[in-house]
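Read the structure below first, then the notes.
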Amino acid sequence: MEALAQLEQACHAFLQAQSQEQRSAAEATLMSFRTMSRPVAMCQHILQHSSLPYAQLFVLTTLREGLGREWAELSQPQRDAMQQQLLDMLMRAHGLEPYVCGAVLQLLAVHAKHDALNPTGNDGATKAIMRQAQQLVHSPDVARKPLAAQLLLALVHEFGAPTGGVASGGLSWASHARARTRFQLYHLLDVFRLGLHQLESLSHACAAFASPGVPSLNAEQLEWLRQTLLLLTTTLSWDFDGLAEAMSVQGSADGEARPGLNATVVRPPHDDSGWKQLLSGHGLAACVMGLAEALSQSQSEGAHEVRQLLIQLASVSPRIFNGGQAHAEYIQLLLQAAAHLLGSDGCQRQAAEFVDGATMLQRLVCSGGLEVLLLLSADHFAALLQLLQHATVASLHASLTRDANGDTPVQAEAYDVLMESWVSILTGMREARRTDVAHVKDAVLQLEMAAWRVYEASAQAKLQAAARLAAALASDEIVDEGEEDDTDEERHNALAVLGRARLSEAVALLAGAVDERAARLRAFCEHAITSASSGSAHGTGDAGLEALLEELDLLVQFVAHLAADKSEGADCPAPPVEIASHASARPEDQPAHVLLERIVQLLQLQLHALLAAPHPSASPLAAALSPALGLRLLWSLRRFTCTYLMPDEASASVLSPPLLQLWGRDTPGGQALLSLSVEAAIRYLERWSSEPELTLESASLLADLARLRSPRPGPAMLLASLPSWGRLLCLPPRSVQPRAERLLSEACCRAATSLPDSSQRQTALRDVCTPLLERLRALLGAQSLAQPNAIHEARAVCSCLRGLVCATSPLSASLLLEMVGWCLPALASMLEVYAPAQEQNSLPATIPLHRDGSHRYL
């Protein structure tokens with residue numbers, strides 16, 4: 001009783017503290033209570049006699065943390081008494097604060113988990129909680145019924161997604177895994193059945209109040225419904241497939257697996273007849289669909305929860321069903337609910353309903369796959385494609401618009417979800433194209449046409465948005481910075497999958513759009529040159545020109561993504577199957593060639609404008625120049641060359657002979673593409689060195705060309721013989737950033753070491769090394785080191801030299817000795833400057849010559 005008085009007094013003092021000193025004193029008293037070694041008995045006593053909510057919360061937290069320390073010392077009657085005390089306290093939930101009630105529920109679940117780990121293994125605590133939940137369901141007091149679902153939900157949360165350490169009774173993750181396994185095997189299905197029983201009790205009332213003239217559910221009934229829906233949704237998000245991983249000790253970085261909830265696919269064991277009976281039938285889905293319709297017609301309370309349950313039902317794995325036809329019939333049923341949420345009936349839906357409908361549609365498509373979707377009736381398959389097309393276009397327009405506050409509408413969240421649906425369904429189309437079954441061929445044609453319409457609408461909508469963006473920038477309006485690079489890349493990759501469904505139409509669309517805008521840009525350039533020669537003014541600030549450049553930038557993205565996939569690491573991507581297998585009468589009619597020609601003509605236009613004057617800003621074509629467009633052109637050229645330039649002859653001669661004829665090693669097209677790529681990169685390095693992103697992209701292109709097809713014979717062997725290659729060694733020092741300089745050094749090194757003749761190789765390597773060594777000696781002189789940033793520039797040069805030596809095994813002994821002779825005096829000069837200063841503590845203890853702070857270069 002004395003402890004109770006002190007605790008309540010400290011809680012009052014903490015809540016009413018007027019100064020930091022008062023708060024600290026109260027905290028000290030509370031923490032001394034919380035850190036007691038054996039708090040269980042005292043906490044039980046205080047819970048029985050205290051009515052202060054904050055004190056109750058504090059005691060429940062302390063009891064939860066101390067339960068693990070004292071569990072082994074408690075007898076079974078003491079454990080049962082503790083659980084009963086908590087259940088009795090919960091039965092007075094109408095007199096408890098919500099946060100206290102939540103703490104009681106969590107402590108009950110932790111208590112049940114400790115009990116599940118007992119050697120006897122009878123799970124008495126879990127069974128007692130489930131019995132209490134059954135009694136609450138049949139209670140005449142409606143206000144108590146939500147507690148039934150809350151009790152079961154606390155069990156699912158604690159066993160399925162536990163917290164770690166003392167917050168969950170001090171159990172290790174291995175103990176969590178054992179408890180989770182037992183709960184899944186013996187109790188999870190019963191919990192789900194109890195939730196279904198509650199849902200059935202509520203569904204009749206919901207059907208009644210949906211009728212005209214019948215009053216709606218009261219607040220207690222709505223809360224009971226919400227908690228029941230939440231229980232079923234959470235139970236279906238149980239990670240069944242994570243059972244083996246949870247039992248393993250190799251599931252995480254510290255050697256212990258982390259079981260969890262929130263699985264995106266409902267995958268109960270396929271041999272469990274209980275789960276199969278509940279989920280494969282149409283009764284549960286029909287019941288939830290009826291609830292969704294009733295709630296949407298009356299009030300919004302519970303509507304969100306019922307939509308989340310519909311999403312989980314749409315995520316049921318195919319292994320639950322007896323064959324593909326049964327799964328297709330299940331999809332047909334739930335497709336009606338998705339169509340209702342997406343507003344296919346013409347009625348305006350709320351934004352949250354639209355997003356949930358898109359998610360539901362995505363789960364149906366991805367769980368079934370094209371193989372199951374082709375088993376739908378012709379009408380349902382057509383309705384599915386129409387729904388996908390309508391929802392994708394609507395969400396696309398939402399993602400490209402802003403409201404008065406500059407925010408994106410909520411419907412935009414559905415765009416990425418729906419694009420996943422398209423990619424999933426189109427991935428299985430290649431196998432379906434090989435079939436001769438009439439209805440399958442018709443379905444594939446419908447799918448191709450629907451995908452093409454989405455691609456066409458996306459291209460047009462994005463071009464219009466690019467023009468609006470340019471207009472906003474021209475008028476100095478504040479606009480959004482645009483999509484993140486990774487998100488933008490993913491969205492363009494997904495769109496490319498849709499465009500390749502009807503490749504010829506997509507190529508024609510992009511080629512026509514580029515030709516039309518390139519003609520306008522060429523006309524502007526001609527007019528600018530004519531105006532400059534006659535001395536008349538020309539509109540350099542034309543907003544139409546800004547819009548034109550923005551549209552061209554976007555079109556180059558479309559062209560590059562349609563033509564080639566992104567490379568992963570050092571691997572060169574293979575040409576897309578649709579392009580490699582495309583049948584054409586001449587190699588020049590290949591889609592890849594048509595798309596490359598559009599990139600080349602835009603690149604030549606930019607290079608022509610770049611070379612029109614000694615400096616880009618002094619050119620009469622300065623307004624036609626765009627660093628962003630130049631960057632995009634180099635990026636697209638790099639993506640294209642990594643895929644198509646000088647492919648491996650053994651595989652390309654079988655898989656894509658036309659592409660080998662176009663850009664093979666000994667073909668004029670391959671030589672021309674390599675020469676153009678090198679010339680473009682070097683021109684941008686020479687003329688636009690003030691743009692760091694552009695110079696880095698130029699260096700990346702040259703480095704990728706030097707790495708291409710390595711270690712097999714590739715473009716690297718031909719680089720040193722190109723007329724423009726020698727200009728790389730003549731670039732002035734510090735004209736590019738360090739990272740770009742390292743890439744350029746790597747490109748020069750690889751090109752030199754690829755030369756077949758030994759004497760030519762040593763000469764080329766000496767041409768690469770000598771400028772770097774001279775620059776290093778100049779930088780590390782006693783006077784140069786005193787200049788700002790000298791050590792950082794020297795560090796970049798050292799990095800280039802180190803990479804050159806490591807990657808160049810055929811360096812001659814004379815060249816190695818010459819490098820050592822250059823480096824040692826420079827090193828001595830550096831030590832003379834830095835060593836005395838370090839002794840006097842005028843510099844940091846370590847000279848940051850390497851990224852990890854070590855003296856590795858020394």
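These values consider heavy atoms only, across backbone and side chains, with no hydrogens, waters or symmetry-generated copies.
Side chains of S24 and Q20: a donor-acceptor N/O pair is present below 3.5 angstrom, by distance only. In this structure, a donor-acceptor pair under 3.5 Å is absent between the side chains of K127 and H187. Checking D80 against Q84 by side-chain atom types alone, no donor-acceptor pair falls below 3.5 Å. There is no side-chain donor-acceptor pair under 3.5 Å between Q18 and Q22. Defined by atom type and a distance below 3.5 Å, a donor-acceptor pair is present between the side-chain atoms of S172 and S175. With 3.5 Å as the limit, one finds a donor-acceptor pair spanning the side chains of E8 and S50. For the residue pair S315 and R363, a side-chain donor N or O sits within less than 3.5 Å of a side-chain acceptor on the partner.
One finds the CG atom of L136 at 9.5 Å from the CG atom of D141 (value rounded to the nearest 0.5 Å). Here the straight-line distance linking atom CG of D123 with atom NZ of K113 works out to 13.0 Å at 0.5 Å rounding. L231 CG to L152 CG: the interatomic distance, rounded to the nearest 0.5 Å, is 5.5 Å. Taken to the nearest 0.5 Å, the OH atom of Y330 stands 10.0 Å off from the CD1 atom of I320.
Classification of the H111-W71 ring pair by plane angle, with boundaries at 30° and 60°, yields perpendicular. Ring pair F192/W275 is tilted by interplanar angle, where 30° to 60° counts as tilted.
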Worked check of side chain to side chain contact (heavy atoms under 4.5 Å, CB included) between M130 and L151
CA-CA 8 Å; M130 296 179 68; L151 272 169; over 6 Å; no

Report the C-alpha separation of R38 and E73 in whole Å, then their side-chain angles, then the decisive distance to 0.1 Å, and conclude whether the salt bridge (Lys or Arg N to Asp or Glu O under 4.0 Å) test is met.
CA-CA 10 Å; R38 303 171 62 85; E73 302 174 9; 2.5 Å; yes

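The minimum heavy-atom distance linking S367 with H327 is given by the pair O-CE1, 3.7 Å. The shortest heavy-atom contact between A352 and R307 is CB-NH2, 3.6 Å. Across every non-hydrogen atom of Q85 and Q44, the tightest pair is NE2-O, 2.8 Å. Counting all heavy atoms, side chain and backbone alike, P409 lies closest to A398 at CD-O, 3.2 Å. Residue A285 comes nearest to L313 through the heavy atom pair CA-CD1, 4.0 Å, listed as atom of the first residue, atom of the second, then distance.
Relative to the ring axis of Y415, R491 does not place its NZ or CZ within 45° and under 6.0 Å from the centre.
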